[in-house]
Colleague: 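Encoded as structure tokens, here's the structure I'll be asking about.
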There are 2 protein chains.
Amino acid sequence: MNYQSEVSPDARKFKSIGTRPLRPDGLDKVTGKARFGADVSAPGMLHGVILRSPHAHALIKSIDTSKAEAAEGVHAVVTRADFGSDFDNPDVMDNVMAGKKALYDGHTVAAIAASSEAAARKALKLIKVEYEVLKGVTDVDAALAPDAPILHEDMVPDGVDPAPTKPTNIAHRHEFGHGDVDKGFKEADIIIERSFKTEAAHQGYIEPHACLATLGSDGRGELWCCTQGHYYVRELCADLLKIEESQLRVTASEIGGGFGGKTTVFIEPVALALSKKSNRPVKIVMSRNEVFRASGPTASSSVDVKIGVKKDGRITAGFANLRYQGGAYPGSPVEFGAMSAFACYDLENVKTVGYDIVTNRPKQVAYRAPGAPMAAFAIESVVDELAKKVGMDPIEFRLKNASSAGSKSSYGPTFSDIGLALTLETAKNHPHYSAPLGPNQGRGVACGFWFNFGGQTSVSLAVNADGTVGLSVGTPDIGGSRASLSLMVAEEMGVEYEKVRAIIADTASLGYNDVTDGSRVTFASGIAAIEASRNACKVMCARAAKTWGIPEDAVVWEDGHAKPAGSNAGDFKPMSLVEIAANASSTGGPIAGHHEINADGAGVSFSTHLADVEVDPETGRAEVVRYTVFQDAGKAIHPSYVEGQFQGGAVQGIGWALNEEYIYDNEGRLQNPGFLDYRIPVASDLPMIDAVILEVPNPGHPYGVRGVGETSIVPPLATVANALAAAAGIRMTDIPMSPPKVLKAIDEAK
Amino acid sequence: MNYQSEVSPDARKFKSIGTRPLRPDGLDKVTGKARFGADVSAPGMLHGVILRSPHAHALIKSIDTSKAEAAEGVHAVVTRADFGSDFDNPDVMDNVMAGKKALYDGHTVAAIAASSEAAARKALKLIKVEYEVLKGVTDVDAALAPDAPILHEDMVPDGVDPAPTKPTNIAHRHEFGHGDVDKGFKEADIIIERSFKTEAAHQGYIEPHACLATLGSDGRGELWCCTQGHYYVRELCADLLKIEESQLRVTASEIGGGFGGKTTVFIEPVALALSKKSNRPVKIVMSRNEVFRASGPTASSSVDVKIGVKKDGRITAGFANLRYQGGAYPGSPVEFGAMSAFACYDLENVKTVGYDIVTNRPKQVAYRAPGAPMAAFAIESVVDELAKKVGMDPIEFRLKNASSAGSKSSYGPTFSDIGLALTLETAKNHPHYSAPLGPNQGRGVACGFWFNFGGQTSVSLAVNADGTVGLSVGTPDIGGSRASLSLMVAEEMGVEYEKVRAIIADTASLGYNDVTDGSRVTFASGIAAIEASRNACKVMCARAAKTWGIPEDAVVWEDGHAKPAGSNAGDFKPMSLVEIAANASSTGGPIAGHHEINADGAGVSFSTHLADVEVDPETGRAEVVRYTVFQDAGKAIHPSYVEGQFQGGAVQGIGWALNEEYIYDNEGRLQNPGFLDYRIPVASDLPMIDAVILEVPNPGHPYGVRGVGETSIVPPLATVANALAAAAGIRMTDIPMSPPKVLKAIDEAK
């Protein structure tokens with residue numbers, strides 16, 4: 001799909017796009033009316049609870065559920081034996097319900113459905129599990145040691161040549177790049193090599209996973225759950241429960257945050273299995289403890305970086321070795337890390353190698369720009385050092401090496417029009433960059449990149465008799481897409497935004513939609529919404545033509561009206577959408593528009609972040625005192641939401657940089673599974689994040705939209721580290737840069 | 001729309017159509033999993049109860065809700081003052097919540113939402129209503145008396161010329177016919193004139209009305225309710241609550257029977273008003289008492305008939321004066337009664353006059369072929385007498401006068417191919433018609449007619465990646481339409497019926513749909529489902545063409561496969577739906593089909609019924625001992641459901657004929673608002689109803705479908721009366737023919 005002609009400068013003037021109307025879900029959310037995952041129930045509903053492994057690594061020798069089954073109020077107990085075999089997604093199955101081994105603290109071992117949660121919890125204690133506890137490993141580097149405990153004896157690493165002769169914890173090896181890095185390093189005047197580590201961070205959504213499931217013996221079921229992708233939930237559950245996809249109707253509830261973490265299933269197949277066995281509806285709601293121990297987080301990482309530069313600041317070669325742990329099963333985002341690591345730079349010689357490694361931790365789940373922040377932390381930290389070494393301003397240094405239109409990216413494709421240089425130049429000229437700093441303060445800069453996805457999307461809309469428009473999309477709204485898609489429909493159809501009502505349709509009511517991820521929705525569902533609008537406008541033109549008795553192609557849609565066009569069309573008063581809608585019954589029936597697409601052409605997105613950090617030399621506490629995000633949105637459909645995305649990504653990145661971490665004890669038990677001990681930044685920890693929207697249109701979208709949701713979490717780790725280095729003179733290579741670690745580094749530097 | 005070429009004999013051989021697969025909602029219904037109107041709840045939900053007038057006719061002088069508002073647990077009290085003014089549907093508003101007057105026993109006067117039903121009921125007693133009780137009238141003929149109490153002083157009768165000089169209870173006058181009846185009666189050798197009355201009958205659905213509503217101060221709401229038409233519920237509620245249609249998302253629950261009675265609103269706007277006032281979700285569930293007193297029923301009627309015949313049995317003229325009471329507001333189905341009365345007969349001279357009359361009864365609601373059974377009772381009783389008078393077999397007599405292709409109907413249009421004669425001939429040759437009768441038994445025959453509706457319908461379907469098909473329709477399934485529509489999709493797409501899953505989409509997920517009524521769904525939604533299937537098949541052909549690299553028009557859809565067609569298409573192996581579906585992502589994204597239509601061409605439908613009735617001369621109890629329905633279905637999509645419709649209509653008609661009635665006391669209070677005293681026939685009261693499906697294709701539908709749901713309730717009243725006349729030698733003109741009335745008639749005849 002190419003909309004180059006539509007996004008060329010001055011191609012169109014927008015009426016709705018770029019305005020900031022009230023969010024449609026606002027009142028429901030602040031008044032408590034919005035229905036989240038836990039907010040539905042059904043007559044005869046049972047409550048499901050889950051028995052979780054207390055061991056990080058253990059053989060499950062036997063499970064005796066007989067006493068639990070006989071307990072008062074208990075209707076069903078399920079273990080892995082209640083699921084079949086031969087799955088399309090065996091790792092998802094294993095993660096949802098442990099098989100022969102429990103592979104992490106919190107791994108599901110059994111589940112109970114009872115008439116009350118109390119009865120279920122009481123019965124939980126009656127399940128006898130015989131474990132043989134094994135040595136575990138939770139650190140990604142330790143998992144690579146020759147004597148490391150092996151999680152999957154039969155796992156054959158993919159992409160490792162020659163294949164290892166004995167089992168390892170490596171699941172995949174990925175390699176990207178071009179040119180000759182050895183030659184590049186030889187040409188370098190200065191080379192810096194550093195190693196970095198980042199801890200796992202949880203997506204930290206407010207709403208724990210929750211669902212209500214029914215499944216009959218005829219294989220027909222319904223599932224209500226909070227998810228970013230109910231069609232994918234349907235696919236996974238159908239696989240795990242051995243039912244046909246279309247037999248399971250999945251409705252996505254309002255969602256209290258996802259950030260990538262609600263893109264798979266945890267409790268949903270368990271609730272369905274319990275429902276099938278008990279022949280009752282079953283609700284499961286995770287506790288926060290369970291959310292931390294057994295959902296999310298993103299991968300922890302260990303990254304080695306080597307970059308060489310000429311004295312003039314031109315990078316001659318870049319190399320990175322990235323090791324990400326994906327938790328107990330393959331699937332860390334190391335491939336994205338290896339692809340994105342050097343995407344900001346136009347390099348002749350570049351190579352990245354990524355290893356996907358399993359450890360005794362919960363299976364990692366996507367987290368906003370999955371894999372990219374850890375890589376950017378490493379690369380942008382070294383770039384910062386190099387700029388200093390060659391005596392260049394860090395923005396100038398980056399501009400000298402920045403990717404631009406025509407650059408061959410480090411992961412393969414050649415970039416077309418991109419906004420990286422614009423973000424750097426805007427940052428350089430922004431008042432923030434030249435503002436004076438206080439004592440113990442330092443300023444940092446870093447860049448970030450994200451691919452943005454397209455993908456499969458179905459959109460339907462209906463023009464109601466009263467001239468309002470009902471918009472039906474299948475991509476859960478995690479960042480304002482009901483508003484942005486409604487704005488696009490309003491723009492195309494020439495109606496007020498307030499007349500367009502968007503809803504998230506369930507899997508049975510609308511065709512297939514990929515998961516809401518990769519910042520794809522405003523782009524891909526946007527194209528589908530625009531094309532569906534255009535189709536509806538064509539129908540309305542045809543209705544006007546029928547009314548006027550002129551050919552359909554003699555009518556065009558303009559400013560919310562069907563208008564006769566062309567010399568032979570005749571002289572008729574333009575007919576408004578409201579008039580056409582009111583007469584729809586007599587001109588042919590309901591008016592609708594539909595579009596299905598597998599959208600490509602999602603424009604890549606870049607950002608530059610500026611942070612001022614103040615370090616307390618007594619405690620090691622680092623505080624972000626000023627922060628500005630400069631990011632290319634392609635075209636900001638609803639600027640307030642775009643700013644919100646910029647701010648939210650920055651905030652999550654700052655939390656990851658400074659405080660958030662998974663703390664395991666020696667037995668691999670998570671020590672901080674709660675918001676008191678897992679420290680997410682709150683409003684009082686942060687300054688207002690300034691957001692500067694830049695717009696380099698993406699020709700893959702009619703309005704030039706690029707995804708905006710993820711790039712903003714990529715630079716903060718390095719931005720804060722670079723600012724901290726400037727403030728305290730210490731180069732932190734280990735995330736989070738929590739007070740004890742910073743204090744230690746300050747002490748060591750003295 | 002004309003599908004003449006498709007329905008011509010041997011035009012196609014069906015694979016799925018005409019088979020009898022399991023009903024898709026069966027397991028859910030027998031296991032209790034199906035969710036009906038009362039089966040949803042929401043966090044913080046309140047329970048709404050309704051204060052109803054104990055008076056049939058009373059001025060509401062004041063309502064004091066202050067004590068109720070202060071009662072424990074009470075969150076909101078609403079009266080008419082909480083609704084606005086100036087409605088598009090003022091009578092619906094008045095019926096939902098009384099204005100200046102309470103117009104019938106059970107009329108809603110106020111409503112309370114409280115934290116429990118008990119608290120709400122307790123508070124109900126604290127509402128003080130000051131009534132001025134007026135004289136009322138519940139009988140349709142009494143309502144026409146010169147001194148009758150007047151319900152609406154300002155009502156101007158429509159169609160009455162000259163207009164009456166003082167207020168009356170006549171709302172409308174309708175006249176139909178052609179020729180010159182005076183001339184026709186002059187030509188007659190025999191003339192019979194009779195007067196008939198029928199009592200009101202309730203639709204008798206098992207499930208009382210129930211709903212759950214939320215409505216915010218921003219005018220956005222959600223409504224879950226049991227209804228035959230959730231789009232119409234949306235329209236009415238939007239009008240009564242003064243909100244935009246698209247702001248209200250209405251979901252139709254599974255429905256426990258409707259039969260026309262769930263085509264309007266009662267409690268839904270009240271629940272919304274209570275929710276808006278309390279800012280909480282509100283559930284209201286009617287009791288059976290409330291259902292009888294304040295929902296449904298159909299009209300009671302008083303009909304005068306005059307028919308003249310030549311000695312050879314040819315009818316020379318027919319005249320009927322029909323007076324139906326519509327309850328407290330205009331809207332009795334007398335127009336349909338006047339239109340359909342003589343539809344079975346090809347008459348030169350015919351005239352019907354219908355009066356729509358208001359009385360102090362609940363506003364009548366559609367009941368299966370609304371208006372037609374009462375008219376048919378009168379006409380078919382007289383026809384039966386006439387046949388005897390001229391010494392002809394009653395079927396022969398009807399065949400001599402029967403409407404056929406080319407007949408100008410009594411209500412205007414000229415019939416095309418119709419099945420009346422076929423039903424009569426089949427009945428005549430059926431073993432039932434010549435079977436011997438026992439003592440006190442008699443056999444009756446009567447015919448019936450129903451128009452059948454088309455109307456507005458939107459259908460969408462999606463082909464899932466696993467080759468199943470999700471079908472999304474907006475017409476609630478009251479008679480098996482999920483099965484019949486799935487069968488049509490299966491037929492068109494060449495997939496197994498079991499692979500098609502139909503759901504009823506909510507108002508926000510699919511374009512507009514008219515109410516499920518007029519036996520329109522298998523016809524109109526059927527056309528839309530077929531056309532949507534054809535559109536999806538076109539998409540699949542295009543995907544195959546893309547894969548093969550040949551033009552789209554070189555591919556056709558046959559037997560579930562895309563096949564190259566034409567000399568230049570090339571030699572490719574046909575591609576199955578499953579293969580195309582699996583590759584959809586790489587050939588362009590999701591595959592869907594859509595269609596919106598305002599369908600016309602619904603074929604009229606006729607039936608002939610045979611009944612054997614045994615009368616106990618001691619008690620007057622009449623029992624139907626054998627019953628056979630002969631009806632033209634056009635094309636029976638799922639014959640078991642068609643037979644079920646034939647049987648169900650007959651059963652409801654038999655109940656109406658023999659037992660069901662609204663019994664009012666002198667003050668206009670309903671005396672039998674419960675299933676113990678309002679006697680619906682149960683299985684032990686009835687023989688198995690035999691159903692004979694006949695098929696005269698309707699060229700308005702691709703497969704020849706005619707509506708089948710309503711015609712079957714039209715003949716039973718007369719069929720049973722005619723059989724009873726044959727059995728006991730008495731001509732009953734007053735429905736129901738309950739034992740006391742029959743016994744009295746027997747005694748009088750002696």
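Every chain is numbered from 1 and lettered A, B, ... according to where its sequence line falls, protein lines coming before strand lines.
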Colleague: Side chain, backbone, both or neither: which part of A/Glu222 has an atom under 4.5 Å from a heavy atom of chain B?
Modeller: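 Contact with chain B involves the side chain of A/Glu222 alone.
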Colleague: With no hydrogens and no angle check, is any side-chain donor or acceptor of B/Arg501 less than 3.5 Å from a backbone partner on A/Arg249?
Modeller: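 Side chain of B/Arg501 to backbone of A/Arg249, a donor-acceptor pair under 3.5 Å: no, none is there.
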Colleague: Can you give me the closest heavy-atom contact between A/Ser246 and B/Asp466, atom names plus distance?
Modeller: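 So the two residues come closest at N-OD2, 4.2 Å.
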Colleague: If you count heavy-atom pairs under 4.5 Å between each of A/Val539, A/Thr507, A/Asn464 and chain B, which one has the most?
Modeller: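 Top count of heavy-atom pairs under 4.5 Å with chain B: A/Asn464.
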Colleague: Among B/Asn598, B/Thr31, B/Asp514, who wins on heavy-atom pairs under 4.5 Å with chain A?
Modeller: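 Of B/Asn598, B/Thr31, B/Asp514, B/Asn598 has the most heavy-atom pairs under 4.5 Å with chain A.
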Colleague: At a heavy-atom distance under 4.5 Å, which candidate from A/Ser585, A/Ala505, A/Ala42, A/Ser458 has the highest pair count against chain B?
Modeller: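 Greatest number of close heavy-atom pairs with chain B: A/Ser585.
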Colleague: Mind ranking A/Ser41, A/Gly470, A/Gly467 by heavy-atom pairs under 4.5 Å with chain B and telling me who comes out on top?
Modeller: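 If we count pairs closer than 4.5 Å to chain B, A/Ser41 comes out on top.
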Colleague: At a heavy-atom separation under 4.5 Å, does A/Ile504 approach chain B through its side chain, its backbone, both, or neither?
Modeller: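 Interface part for A/Ile504: backbone (N, CA, C, O).
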Colleague: With chain A as the partner, which of B/Ala592, B/Gly589, B/Pro590 has the greatest number of non-hydrogen pairs under 4.5 Å?
Modeller: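 It is B/Pro590.
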Colleague: For the candidates B/Gln247, B/His594, B/Glu245, which exhibits the highest count of non-hydrogen atom pairs separated by less than 4.5 Å from chain A?
Modeller: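 Highest number of pairs under 4.5 Å: B/His594.
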Colleague: Below 4.5 Å from any heavy atom of chain B, which atoms of A/Ser509 appear? Answer side chain, backbone, both or neither.
Modeller: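 Contact with chain B: backbone and side chain both.
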Colleague: Do you know which two heavy atoms are closest between B/Lys33 and A/Gly216, and how far apart they sit?
Modeller: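 Here B/Lys33 and A/Gly216 meet closest at NZ-N, 3.0 Å.
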Colleague: Can you tell me how far the CG atom of A/Asp506 sits from the CD1 atom of B/Ile503, to the nearest 0.5 Å?
Modeller: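 Here the interatomic distance stands at 5.5 Å.
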Colleague: With a 4.5 angstrom heavy-atom cut-off, is it the side chain or the backbone of A/Pro24 that approaches chain B, or both, or neither?
Modeller: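 Just the backbone, heavy atoms under 4.5 Å.
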Colleague: Considering only heavy atoms, which portion of A/Leu215 lies under 4.5 Å from any heavy atom of chain B: side chain, backbone, both, or neither?
Modeller: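 The backbone, not the side chain.
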Colleague: I'd like to verify something: which residue of B/Ser472, B/Ala599, B/Ala462 has the highest number of heavy-atom pairs under 4.5 Å with chain A?
Modeller: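 Option with the greatest count: B/Ser472.
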Colleague: Looking only at heavy atoms and a cut-off of under 4.5 Å, which of B/Gly511, B/Ala508, B/Ala584 has the most pairs with chain A?
Modeller: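 Between B/Gly511, B/Ala508, B/Ala584, the count favours B/Ala508.
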Colleague: Report yes if some heavy atom in the side chain of B/Asp28 is under 4.5 Å from a heavy atom in the side chain of A/Arg220; otherwise report no.
Modeller: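 Yes. Closest side-chain heavy atoms under 4.5 Å.
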Colleague: Below 4.5 Å from any heavy atom of chain B, which atoms of A/Asp39 appear? Answer side chain, backbone, both or neither.
Modeller: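 The answer is both parts of A/Asp39.
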